[in-house]
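Notes to accompany the following structure.
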Protein chains: 2
Amino acid sequence: MGQQKSAPEGGTRESERRRTILRAAIDVFARKGYHGCRIADVAKEAGVAYGLVYHYFKNKDELLETVFETGWSGFISRARLVAESEGPLEEKVRRIADVAFEAYRVDPRAVKVLILEIARSPAGARINRQTAFVDVIRLSAQMFTRAKESGELRPDVDPLLASALLFGSIEMGLTAFVVGLADARDTVMLERAKAQIADSFLHGVLVPGGAPSRTEPPRSELSTAEPVRAEEPKHEAPAEVSTWKREKSGTKSKAPKRS
Amino acid sequence: MGQQKSAPEGGTRESERRRTILRAAIDVFARKGYHGCRIADVAKEAGVAYGLVYHYFKNKDELLETVFETGWSGFISRARLVAESEGPLEEKVRRIADVAFEAYRVDPRAVKVLILEIARSPAGARINRQTAFVDVIRLSAQMFTRAKESGELRPDVDPLLASALLFGSIEMGLTAFVVGLADARDTVMLERAKAQIADSFLHGVLVPGGAPSRTEPPRSELSTAEPVRAEEPKHEAPAEVSTWKREKSGTKSKAPKRS
DNA sequence: TGGTTGGCTGATTTTCGAATCAACCAGCCG
DNA sequence: CGGCTGGTTGATTCGAAAATCAGCCAACCA
């Protein structure tokens with residue numbers, strides 16, 4: 001593995017390959033899941049030789065780890081910027097939701113991987129995935145603590161929990177799209193979702209009368225026009241759920257087909 | 001997964017073994033995750049021979065599937081009962097939170113498996129863990145739709161999304177405990193968490209003044225064309241930051257140690 | 001133009017664990 | 001008692017895919 005890249009200049013060119021592979025990894029992971037794909041799939045997607053993947057990444061785990069850090073660090077730094085900025089809590093919360101949804105808009109597949117493969121990955125125990133999540137939660141918990149001190153937040157609200165709830169809402173909101181519960185192509189829907197998340201979260205958390213030192217616009221702003229779309233996104237199969245008949249005997253249950 | 005011999009009686013004795021294995025599977029999955037453990041681990045945990053696992057379960061997938069269904073079915077039926085009952089929305093929401101937290105109190109490890117293993121769906125989509133989850137969301141979405149019709153719910157709230165947010169909050173709230181962010185042994189904390197979840201969710205969703213039984217809320221639609229969001233999305237730049245520079249250094253990587 | 005370097009290749013080796021299976025044993029029936 | 005039945009065992013098999021490695025070749029230098 002030595003593969004010293006002591007050569008500083010060639011870097012760019014070299015990184016290009018590396019990035020290509022990383023990009024391919026994100027796409028493949030998003031499509032088949034981390035465990036459901038082989039390094040060969042990633043290599044093929046990237047259009048490079050199998051071995052090259054190992055030239056740039058020590059092993060499959062490191063690949064996922066890198067995908068994670070790459071995507072997550074972006075989100076975290078943006079979120080931190082917002083959380084530590086000055087301004088009313090309400091605005092911060094909305095901006096955090098913005099950050100999350102914007103990330104999704106820009107690169108839905110990357111977000112999908114983060115949410116599906118990493119956010120809940122139990123294996124994360126050993127690596128810092130969970131730690132990373134915990135970090136964001138703590139980060140925003142501080143934001144809430146400060147808001148509480150300044151009287152913007154209801155005194156009976158626990159900062160840490162509030163923080164967890166906010167991100168829980170955001171995550172689940174995104175998950176709805178990721179999983180296909182809602183149509184991700186529907187931009188309006190995305191906007192509305194973002195607004196509703198911040199909105200419903202805030203009104204349960206903010207001091208009813210409005211924060212002291214800040215004139216808050218009368219709530220609302222949501223549903224600008226557009227009647228709520230019929231609430232039944234019919235597409236997406238009903239899923240056979242209970243109908244699920246294990247059987248498949250012959251077929252090995254593992255991954256059925258590859259590529 | 002009935003498909004267990006047609007003989008209904010012998011069931012009990014035989015099931016005992018089966019249950020032991022199932023229980024062991026839950027524990028092991030909770031500890032190392034589905035992919036992170038081998039059948040051998042489950043067998044050892046259960047104190048039975050390796051081969052016996054295959055006597056009761058067709059394969060590893062079916063084992064997880066069973067764990068999953070077993071756990072979900074309980075929660076789902078309870079939740080359905082609440083969702084379809086009569087009464088004010090507020091009460092229903094609180095009871096749903098109750099159900100979730102009670103499940104956690106009774107068997108935290110099982111809940112952990114459900115929560116952590118939930119959204120990951122094998123590409124093949126053969127196992128629908130998420131389907132069960134989606135079902136609950138749809139179920140409660142119906143509850144919200146009804147509440148909306150009866151005027152209990154703000155008209156500008158999307159039922160499906162509201163449903164997702166509720167469970168997102170619950171899930172993340174529980175996750176905080178699962179992950180150790182909050183001390184799960186602290187009963188008071190659990191109670192408070194449950195209350196805060198329902199509370200903050202409700203206050204952002206319920207019609208402020210309480211719900212008259214049938215009055216279509218006159219609440220003029222939030223005027224607002226769109227003034228509010230002053231700062232608009234800050235056009236997040238490239239999602240993937242470029243901050244990454246990580247060197248592959250000697251991150252450990254694989255997980256050499258197996259128990 | 002010959003030599004050296006290093007990104008790159010992909011067949012080969014190794015690892016690893018799911019799934020199988022032949023044998024074992026306890027109870028039961030005739 | 002002896003033979004049958006079915007739960008139980010764990011070493012063995014076997015496929016899949018992770019990781020390695022012996023070189024290839026293009027670019028660059030002397």
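Chain naming here is simple, since letters A, B, ... match the order of the sequence lines and numbering starts at 1 in each. Owing to the predicted nature of the structure, the values given are computational and were not obtained by experimental measurement.
If you measure from atom CZ of Phe57(A) to atom P of dA17(D), you get 21 Å, rounded to the nearest angstrom. In this structure, Lys44(A) places its NZ atom 16 Å from C1' of dT9(C), rounding to the nearest Å. Atom-to-atom, NE2 of His35(A) to P of dC16(C) comes out at 16 Å; the value is rounded to the nearest Å. In this structure, Ile39(A) places its CD1 atom 21 Å from P of dT13(C), rounding to the nearest Å. Residue Lys60(B) contributes atom NZ, which lies 20 Å from atom P of dG15(D) at whole-angstrom precision. Spacing between atom CD of Glu62(B) and atom P of dA18(C) amounts to 15 Å, rounded to whole angstrom units. Summarising the geometry, the separation between CD on Glu16(A) and C1' on dC8(C) is reported as 15 Å, rounded to the nearest angstrom. As a whole-Å value, the separation of Tyr54(B) OH from dG6(D) C1' is 21 Å.
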Please produce a list of atom pairs where a protein N or O lies less than 3.5 Å from an N or O of nucleotides 9-13 of chain D.
| from | atom 1 | to | atom 2 | distance (Å) |
| --- | --- | --- | --- | --- |
| dT9(D) | OP2 | Ala49(B) | N | 2.9 |
| dG10(D) | N7 | Gly51(B) | N | 3.1 |

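Under the side chain to side chain contact (heavy atoms under 4.5 Å, CB included) rule, Tyr104(A) has a single partner from Val99(A), Leu114(A), Leu174(A), which is Leu174(A). Screening Arg31(B), Lys32(B), Lys60(B) for a salt bridge (Lys or Arg N to Asp or Glu O under 4.0 Å) involving Asp41(B) leaves a single residue, Lys32(B).
One finds no salt bridge joining Glu45(B) and Arg23(B) here, because no Lys/Arg side-chain nitrogen approaches an Asp/Glu carboxylate oxygen to under 4.0 Å. At a threshold of 4.0 Å, the pair Arg19(A)-Glu16(A) does not count as salt-bridged, since none of the basic side-chain nitrogens sits closer than that to a carboxylate oxygen.
Looking at heavy atoms from C-beta onward, Ile170(A) lies out of side-chain contact with Phe201(A) at the 4.5 angstrom threshold.
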field: Residue pair Tyr34(B), Asp61(B): steps toward the side-chain contact (heavy atoms from CB on, under 4.5 Å) verdict
entry: CA-CA 9 Å; Tyr34(B) 177 68; Asp61(B) 263 11; 2.5 Å; yes
